[in-house]
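Position 1 is the first residue of the sequence; numbering continues from there. Every value quoted in this text rests on a predicted model; they were computed, and no experiment measured them.
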Amino acid sequence: MIEHMNVIDTLSDQISALLDLMMMAEESVDIKSIRIASEMCLTMHDELMREVDKISKELKEQDK
């Protein structure tokens, strides 16, 4: 369980940092860079949700 939480915390921190960077980007940043950063956030979010699903499945198995 601790391993899952570590992965979730790491992914959450990475997503937050990337979103903060995107928000601070000046107008000179091109749309392609924003799109790539957005895709990275979505990928990391998907990974985070997979970890949440793993935890959910483990908890359901423990309840049985």
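- The cluster map of Ile, Leu, Val, Met, Phe, Trp and Tyr, joined by side-chain heavy atoms under 4.5 Å apart, puts Met40 and Met23 in different clusters.
- Note that CG of Leu48 and CG of Asp53 are 10.0 Å apart. Values are rounded to the nearest 0.5 Å.
- A distance of 10.5 Å separates CG in Asp20 from CE in Met22, rounded to the nearest 0.5 Å.
- Summarising the geometry, atom CD belonging to Glu61 is positioned 10.5 Å from atom CG belonging to Asp63; distances are rounded to the nearest 0.5 Å.
- The shortest non-hydrogen separation linking Leu18 to Cys41 is CD2-SG, 3.6 Å.
- Not one N or O on the side chain of Ser56 forms a donor-acceptor pair closer than 3.5 Å with the backbone of Val52.
- The NE2 atom of His4 sits 13.0 Å away from atom CG of Asp9, with the distance rounded to the nearest 0.5 Å.
- A salt bridge is defined here as a Lys NZ or Arg NE, NH1 or NH2 lying under 4.0 Å from an Asp or Glu carboxylate O, and Glu51 with Lys54 meets this definition.
- To the nearest 0.5 Å, atoms CD (Glu39) and CZ (Arg35) are separated by 7.5 Å.
- Atom-to-atom distance recorded for Thr10:OG1 and Ile15:CD1 is 11.0 Å, nearest 0.5 angstrom.
- Connection of Ile36 to Leu19 is established within a shared hydrophobic cluster, with ILVMFWY side chains joined at heavy-atom distances below 4.5 Å, either directly or through further cluster members.
- Proximity of Gln62 to Leu59: side-chain heavy atoms (C-beta onward) are separated by under 4.5 Å at one or more points.
- Side-chain contact between Gln14 and Leu11: present, with at least one pair of heavy atoms (C-beta onward) separated by less than 4.5 Å.
- In this structure, Met44 is a member of the same hydrophobic cluster as Met49, with clusters built from ILVMFWY side-chain heavy atoms closer than 4.5 Å.
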